[in-house]
Q: 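Below you'll find the structure I mean.
None of the values given here were measured: they were computed from a predicted structure. In what follows, every heavy atom counts, from backbone to side chain, and hydrogens, waters and symmetry copies are set aside.
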Amino acid sequence: MNPNADAAERTDASLIAALAEIHYQPLWDRYQRITPLAPSASDGAFHWPWREIEKLTGRTGVEVGLEDAERRAVIMCHPAFNGEIATTSNLISAFTVLEPGDRAVPHRHSAAAIRFGVQSEGSATIVNGRRCDMLAGDLILTPPMCWHGHINLSDHQTVWFDGANMPLVCELDANFFEPGSRDDDDFWKVDSGAERSWEVSGMAPLAGSMDSGDMSPKFHYSGAATRAALSAMTPDRDGSKLLRYTNPLTGDAVMATLDCYARRLGAGMETMPRRATHNTICLVTSGQGRSTIGDATIEWSKNDAFSIPHWKWATHQAIGDDADLFLLTDRVVFDRLGLLREETDGA
């Protein structure tokens with residue numbers, strides 16, 4: 001039997017037709033559809049330059065009122081997904097804008113999400129009764145089903161980077177969403193609260209060593225502390241440094257389905273090629289450089305974002321001086337499912 005023969009010429013044609021009538025399909029001639037030889041991402045690397053969106057954030061703040069909008073966010077949508085709201089196959093990223101005095105209404109949802117400070121000084125995210133101020137480079141977690149809202153207490157527009165795994169959760173059809181009240185003034189009348197217990201790395205309150213499940217009990221990771229930690233690290237042989245944001249109780253990823261990293265690239269040095277089964281969205285937090293991802297080469301600078309699809313070889317190089325990247329990934333999902341595979345060429 002030739003599986004590539006015309007259906008009418010096949011010796012099993014009538015059998016396949018009979019199977020189809022009762023909602024069966026034969027494995028023998030189509031097994032490669034469900035057991036491909038290797039992952040093959042439908043999306044290539046893509047670049048969202050800051051200079052293109054920066055000129056539109058002002059308009060977004062003026063033309064979109066929060067009285068009618070849940071969030072004033074502009075989402076990076078990869079053209080490979082034909083209009084679907086997705087940055088990579090499992091993740092979305094966005095820039096969110098608040099005008100002076102704005103309050104983005106509280107809500108909660110099943111998806112895991114993060115906020116990362118860009119031009120955000122003067123704004124804050126409230127997460128489950130803790131106020132987390134958003135300075136440049138600060139990482140704020142909003143774990144699944146945690147109440148969260150945003151406020152701008154400054155006299156200027158603020159912008160930050162958002163990331164979430166909504167495409168994954170929606171594909172699993174496992175999302176729940178609960179809106180909060182626009183009239184709940186008490187929601188905003190909080191300070192950092194329990195977050196103070198987790199400010200110092202390497203120390204945890206004994207009474208607070210409660211089971212936090214699969215999410216970090218720490219919601220606010222300081223950008224200043226991250227930069228200091230990177231400066232203190234010894235670089236790898238390719239000149240780069242990689243720092244993982246972790247749950248201080250377990251040392252594992254900050255959430256069960258999102259894994260975050262900070263990376264510093266040594267000036268002029270190219271990293272070793274790497275590829276993995278997980279997806280990554282990179283935000284440039286300082287410097288400029290070049291990345292080669294699959295067959296694409298991206299020239300990037302501060303506040304640009306770009307994607308690294310799964311199972312694509314990627315190398316990075318800082319140009320002129322060191323450069324820092326924030327990495328949002330779904331690595332922990334693949335790890336916990338036993339599907340994580342990572343390769344380095346030249347290790």
Side-chain angles (χ1 to χ4, degrees), residues 64-73 75 85 91-99 101-117 120 122-135 138-154 158-170 172-199 205 208 210-222 245 247-249 253-260 328 332:
V64 181
L66 277 184
E67 64 274 7
D68 300 316
E70 194 75 20
R71 294 289 184 267
R72 194 190 286 115
I75 301 172
I85 301 176
L91 303 169
I92 61 169
S93 56
F95 287 112
T96 292
V97 177
L98 282 188
E99 291 297 304
D102 275 349
R103 293 179 177 181
V105 62
H107 65 211
R108 64 178 182 171
H109 43 65
S110 302
I114 61 92
R115 326 290 159 186
F116 192 89
S120 51
S123 58
T125 291
I126 286 79
V127 189
N128 273 8
R130 303 184 201 177
R131 173 174 160 162
C132 301
D133 292 325
M134 301 175 66
L135 303 179
D138 285 6
L139 171 65
I140 311 297
L141 308 183
T142 50
M145 299 312 291
C146 283
W147 288 104
H148 57 280
H150 315 289
I151 188 169
N152 182 356
L153 297 171
S154 75
T158 59
V159 181
W160 65 82
F161 174 87
D162 285 306
N165 62 353
M166 289 171 181
L168 172 64
V169 175
C170 289
L172 295 171
D173 194 20
N175 193 67
F176 294 88
F177 178 87
E178 293 184 38
S181 171
R182 294 180 181 272
D183 302 321
D184 183 7
D185 288 336
D186 290 338
F187 178 87
W188 309 99
K189 297 175 182 178
V190 296
D191 57 19
S192 57
E195 194 61 34
R196 290 188 290 267
S197 300
W198 304 100
E199 287 179 354
M210 73 298 274
D211 180 10
S212 62
D214 286 324
M215 71 180 191
S216 172
K218 176 182 174 72
F219 297 157
H220 187 191
Y221 294 75
S222 162
Y245 296 89
N247 179 333
L249 290 181
V254 291
M255 287 181 274
T257 53
L258 286 182
D259 210 348
C260 300
L328 173 68
V332 64

Q: Is any side-chain heavy atom of Met255 closer than 4.5 Å to a side-chain heavy atom of Asp214?
A: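 In short, these two side chains do not touch, never coming nearer than 4.5 Å.
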Q: I need the Leu141 CG to Asn128 CG distance, nearest 0.5 Å.
A: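 Leu141 CG to Asn128 CG: 11.5 Å, rounded to 0.5 Å.
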Q: Can you find a heavy atom in the side chain of Ile114 that is under 4.5 Å from one in the side chain of Leu139?
A: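 When only atoms from C-beta onward are counted, Leu139 and Ile114 do touch, with a gap below 4.5 Å.
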Q: When you compare the side chains of Asn152 and Ser154, does any donor N or O come within less than 3.5 Å of an acceptor on the partner?
A: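 Yes, a side-chain donor-acceptor pair sits under 3.5 Å.
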Q: Would you check, one step at a time, whether the test side chain to side chain donor-acceptor pair (under 3.5 Å) holds for Asp162 with Trp160?
A: CA-CA 7 Å; Asp162 285 306; Trp160 65 82; 3.0 Å; yes
Q: Please enumerate all residues that pass ring pair (Phe, Tyr, Trp, His ring centres under 6.0 Å) together with Phe176, with sequence neighbours excluded.
A: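 By the ring pair (Phe, Tyr, Trp, His ring centres under 6.0 Å) rule, Phe176 matches no residue at all.
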Q: Arg115 pairs by side-chain hydrogen bond (donor to acceptor under 3.5 Å, both in side chains) with which of Thr142, Asp138, Thr125?
A: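 For Arg115, the side-chain hydrogen bond (donor to acceptor under 3.5 Å, both in side chains) test succeeds with only one of Thr142, Asp138, Thr125, which is Thr142.
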Q: Please list, chain by chain and in numerical order, all residues satisfying side-chain hydrogen bond (donor to acceptor under 3.5 Å, both in side chains) with Ser110, sequence neighbours excluded.
A: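 Ser110 satisfies side-chain hydrogen bond (donor to acceptor under 3.5 Å, both in side chains) with no residue once adjacent residues are dropped.
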Q: Calculate, to the nearest 0.5 Å, the distance between atoms SG and CG belonging to Cys170 and Asn175 respectively.
A: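 If we round to the nearest 0.5 Å, Cys170:SG and Asn175:CG are 5.0 Å apart.
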Q: Answer yes or no: is there a side-chain heavy-atom contact under 4.5 Å between Val254 and Asp259?
A: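 Answer no - side chains too far apart.
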Q: In terms of side-chain geometry, is the basic nitrogen of Asp184 or Arg103 positioned less than 4.0 Å from the acidic oxygen of its partner?
A: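 Arg103 and Asp184: not salt-bridged.
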Q: Would you say the side chain of Ile126 lies within less than 4.5 Å of the side chain of Phe219, judging by non-hydrogen atoms?
A: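 Side-chain contact under 4.5 Å: no.
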Q: Keeping the roles fixed (side chain from Arg72, backbone from Val97), state whether a donor-acceptor pair exists under 3.5 Å.
A: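 Confirmed, Arg72 side chain pairs with Val97 backbone.
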Q: To the nearest 0.5 Å, what is the distance between CE (Met145) and CE (Met215)?
A: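 Those atoms lie 11.5 Å apart.
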Q: Quick one: OG on Ser123 to CD on Glu99, what's the gap to the nearest 0.5 Å?
A: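 The OG atom of Ser123 sits 12.0 Å away from the CD atom of Glu99.
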Q: What are the two closest non-hydrogen atoms of Trp188 and Pro106, and how far apart are they?
A: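 Nearest pair, atom of Trp188 first, then Pro106: CZ2-CD, 3.9 Å.
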Q: Show the nearest heavy-atom pair for residues Asn247 and Ala253, with the distance to one decimal.
A: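 Between these two residues, the closest heavy atoms are CB-O, 3.7 Å.
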Q: Quick check for you: to the nearest 0.5 Å, what is the distance between Leu66 atom CG and Arg182 atom CZ?
A: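 Going from CG on Leu66 over to CZ on Arg182, the span is 7.5 Å.
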Q: Please report the shortest heavy-atom distance between Thr96 and Ala73, naming the atom on each side.
A: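 Smallest interatomic distance, heavy atoms only, reads OG1-CB, 3.3 Å.
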Q: Please give me the minimum heavy-atom distance between Pro217 and Arg130, naming the atom from each residue.
A: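 The pair with the smallest heavy-atom distance is O-NH1, 2.8 Å.
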Q: Who are the side-chain hydrogen bond (donor to acceptor under 3.5 Å, both in side chains) partners of Glu178, not counting sequence neighbours?
A: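 So Glu178 forms a side-chain hydrogen bond (donor to acceptor under 3.5 Å, both in side chains) with Arg108.
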Q: Minimum heavy-atom separation for Leu258 to Ala113, with atom names?
A: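 Nearest heavy atoms, Leu258 then Ala113: CD1-N, 3.8 Å.
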Q: What is the distance from atom CD1 of Ile151 to atom CG of Asp102, rounded to the nearest 0.5 Å?
A: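 Rounded to the nearest 0.5 Å, the CD1-CG separation comes out at 9.5 Å.
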Q: Does the salt bridge (Lys or Arg N to Asp or Glu O under 4.0 Å) test come out yes or no for Arg131 and Asp191, once each step is laid out?
A: CA-CA 5 Å; Arg131 173 174 160 162; Asp191 57 19; over 6 Å; no
Q: Hey, is CG on Leu135 packed in by over 12 heavy atoms from elsewhere, all under 6.0 Å?
A: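 More than 12 within 6.0 Å, yes.
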Q: Dump the intermediate steps for side chain to side chain donor-acceptor pair (under 3.5 Å) on Ser216 and Tyr221, then the final yes or no.
A: CA-CA 11 Å; Ser216 172; Tyr221 294 75; 2.8 Å; yes
Q: Can you check whether His107's main-chain N or O pairs, donor with acceptor, with His148's side chain at less than 3.5 Å?
A: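 Judged by distance alone, yes, a pair lies under 3.5 Å.
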Q: Can you name the closest pair of heavy atoms from Ala164 and Pro167 and give their distance?
A: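 Heavy atoms of Ala164 and Pro167 come nearest at O-CD, 4.3 Å.
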Q: Any cation-pi pair here, Lys189 with Phe187, using under 6.0 Å and within 45°?
A: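 So Lys189 doesn't make the cation-pi contact.
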Q: Less than 4.5 Å apart, any side-chain heavy atom of Met166 and any of Ile85?
A: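 They are not in contact (no side-chain heavy atoms under 4.5 Å apart), so the answer is no.
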Q: Any side-chain heavy-atom pair from Val127 and Pro143 closer than 4.5 angstrom?
A: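 Touching, per the 4.5 Å side-chain cut-off.
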